[in-house]
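Contents: one structure, followed by commentary.
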Amino acid sequence: MKSAVETLNPTRVRLTVEVPFEELKDSLDAAYKKINQQVTVKGFRRGKIPARVIDQRFGRGAVLEEAVNDALPKFYTSAVNEAELNVLGQPDVDITELKDNELLAFTAEVDIRPALEIPDYSGIEVEVDAVEVSDEDVDKSVEQLRERFASTSAVERAAQDGDVVTVDLEAKVDGEVLADGIANGVSYTIGSGELLDGIDEAVTGLEAGGSATFTSELKGGSAQGKEAEVKVDVTEVKARELPELDDEFAQMASEFDTLDDLKADSRKRLERMKKFDQATQAQEKVLEALLGLIEVPIPEKLLEDEIRTRKHNLEHHQLGQMGLDLAKYLEIQGKAEEEFDAETKEQAEKGIKTQFVLDELVNKEKLNVSQEELTEHLMRRAQSSGMSPDQFAQAVVEGGQVPMLVGEVARGKALAVVVEAATVKDTNGEVVDLEDEEETEAAEAVVAEVEGTDAPADEQAEKSEG
């Protein structure tokens, strides 16, 4: 077999392959055997029909077609390996010559990963937020915990902000009560914004037994998105009572004996969160700076596929779970479809560039992924997907996504290497020394988000199959 490579552009090549006919012998034998099992000829047992009889009865052309279809993938793969090409997607194959007992010649056009030169990245400098936890931050955290331990008791007065009211609701559209527009005994905290727009104003000032009517756009149900006239009847008003902030509260709400110990723990927890946010910010900014140093050509078909996959996952997974379609989502976001398409394209381009650049770094730095690192990454992904580690692992294996996860970890390690070499300062001008664990975890999270792989395992299985 002879092969040659012609570069059409930085991301696409044409392979020209010539195969001497004797190299088709195994595929020809397999073709005769397959046809033998599929046809019957009077006077011959199935599977025992001579090749010359098959040629006479069914035509040599049918045999050649079967043999070429069997052989092409092997010869194509051999030519790709010989040329050491890093191909993307399926090739467009064209048989240019087929001479019986002489020659098979074909061309294959296919997208390839572009050759990239990784420049010196040690000069990258970024600024991130300083890790500062104020007394106000701690007080707010403790207050949120206090809210969770609030109790309620019925009161005989008008409802006010923060009260919990029990209400009956009846929604009408065009004067008709909706079949699914009646709800009784609904508990609602005034000011939470968790029900219908306009209900806060309607129930504030009402006592138990009071009623009001207001208009609101329905957020779900058969008339979702339509303007409705809603009648609300208040059946009970409860005041929320917060526990005293003292040592007794600390003992009730936590494992600590004193309020001071609880506050100290809250401060440590907030510092850990802000350190992780700082590490994530550093990864994002360093990645942005790295991508800015390198010109990365992108195959058109790969970009089209990535855009289509991202839109599909958004429409059929994230929005579907929220009961929204794309049109409603864009309306809520206040975006035109053209603006959404432009943003999706930009995100897809960045995701592909990130993968190309970090994969090149993985090879350059000779980074490997250990079983322990893969397991830790799987555990984190399982936690973020809401699945148990066993469920997530099963979905990963069944979806053939193990190589994808290995790639995520490797690219996260590559980004961490760049961050380690960069200069990271906070807004106070202090050099930030990121902890290894935070750095690795944040890097993997940033890579997954940019590449669009931070979706549940079933979405990623669909993506990998696509």
Side-chain angles (χ1 to χ4, degrees), residues 133-263 265-267 269-270 322-324 332:
V133 177
S134 66
D135 291 342
E136 290 75 14
D137 293 331
V138 174
D139 289 343
K140 183 178 178 182
S141 174
V142 173
E143 189 63 27
Q144 288 171 345
L145 181 62
R146 187 182 178 208
E147 291 274 350
R148 285 166 47 195
F149 284 85
S151 59
T152 59
S153 58
V155 291
E156 295 183 6
R157 61 162 171 77
Q160 58 192 36
D161 189 44
D163 284 348
V164 179
V165 290
T166 304
V167 297
D168 297 335
L169 300 167
E170 180 185 86
K172 291 181 180 179
V173 173
D174 299 328
E176 296 289 330
V177 177
L178 298 170
D180 55 356
I182 297 175
N184 295 322
V186 177
S187 182
Y188 175 67
T189 302
I190 300 174
S192 66
E194 294 174 351
L195 207 51
L196 294 168
D197 293 338
I199 192 171
D200 288 338
E201 295 80 0
V203 298
T204 299
L206 295 181
E207 296 184 23
S211 297
T213 302
F214 62 100
T215 58
S216 183
E217 183 181 303
L218 297 178
K219 296 180 179 179
S222 61
Q224 179 181 338
K226 291 186 177 179
E227 198 78 11
E229 182 182 88
V230 183
K231 181 173 179 286
V232 55
D233 297 319
V234 177
T235 59
E236 188 176 36
V237 179
K238 291 182 178 179
R240 298 175 75 248
E241 297 174 3
L242 296 173
E244 289 292 325
L245 276 179
D246 52 23
D247 292 346
E248 189 176 332
F249 166 72
Q251 293 162 18
M252 173 182 66
S254 70
E255 71 270 30
F256 300 104
D257 292 329
T258 69
L259 184 60
D260 287 343
D261 288 343
L262 172 60
K263 286 185 175 183
D265 181 71
S266 294
R267 186 179 293 276
R269 183 171 46 81
L270 290 171
M322 294 186 284
L324 298 174
I332 293 170

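Note: hydrogens, waters and symmetry copies are ignored here, and every other heavy atom, side chains too, is used.
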Evaluate the criterion side-chain contact (heavy atoms from CB on, under 4.5 Å) for residue pair E201 and F214; output intermediate values, then yes/no. CA-CA 9 Å; E201 295 80 0; F214 62 100; over 6 Å; no

Please round to the nearest 0.5 Å and tell me the distance separating atom CD of Q251 and atom CG of L259. 10.5 Å

Regarding R269 and S141, is there a side-chain donor-to-acceptor distance under 3.5 Å anywhere? yes

Polar contact flag, side-chain donor to acceptor under 3.5 angstrom, E241-S153: yes

Please tell me if the side chains of Y188 and D200 come closer than 4.5 Å, counting only heavy atoms from C-beta onward. yes

Ignoring hydrogens, what is the shortest heavy-atom contact between S254 and A250? Give both atom names and the distance. OG-O, 2.6 Å

Without swapping roles, check the side chain of R267 against the backbone of V133 for a donor-acceptor pair under 3.5 Å. yes

Separation between CG of N184 and OG1 of T166, rounded to the nearest 0.5 Å: 11.5 Å

Write down the atom of E217, the atom of G225, and the distance for their closest heavy-atom approach. CG-O, 3.5 Å

Nearest 0.5 angstrom please: T213 OG1 to E170 CD, how far? 9.0 Å

Could you pull out the closest heavy-atom pair between V237 and L206, with the gap in Å? CG2-O, 4.0 Å

Compare every heavy atom of R240 with every heavy atom of D163, then report the nearest pair and how far apart it is. OD1-N, 4.4 Å

I need the minimum non-hydrogen distance between S187 and V164, along with the two atoms involved. OG-CG1, 3.4 Å

Show the nearest heavy-atom pair for residues F249 and L262, with the distance to one decimal. CE2-CD2, 3.9 Å

Would you find more than 12 non-hydrogen atoms of other residues, nucleotides or ligands less than 6.0 Å from E248 atom CD? no

Could you walk me through whether E143 and R146 satisfy the salt bridge (charged side-chain N to carboxylate O under 4.0 Å, His left out) test, starting with their C-alpha distance in whole Å, then the side-chain angles of each, then the deciding distance to 0.1 Å, before giving a yes or no? CA-CA 5 Å; E143 189 63 27; R146 187 182 178 208; 3.3 Å; yes

Can you tell me if E156 has over 12 outside heavy atoms packed within less than 6.0 Å of its CD? no

About how many Å separate CG of D174 and CD of E229, when rounded to the nearest 0.5 Å? 10.5 Å

Is a side-chain donor-acceptor pair under 3.5 Å present for S211 with D233? yes

Once rounded to the nearest 0.5 Å, what's the spacing between atom OG1 of T258 and atom CG of D246? 11.0 Å

Between CZ on residue R157 and CD on residue E207, distance to nearest 0.5 Å: 9.5 Å

Under the 3.5 angstrom rule, does the side chain of D197 hit a backbone N or O of S216 as a donor-acceptor pair? no

Give me the one residue out of L169, D168, V177 that meets side-chain contact (heavy atoms from CB on, under 4.5 Å) with I182. V177

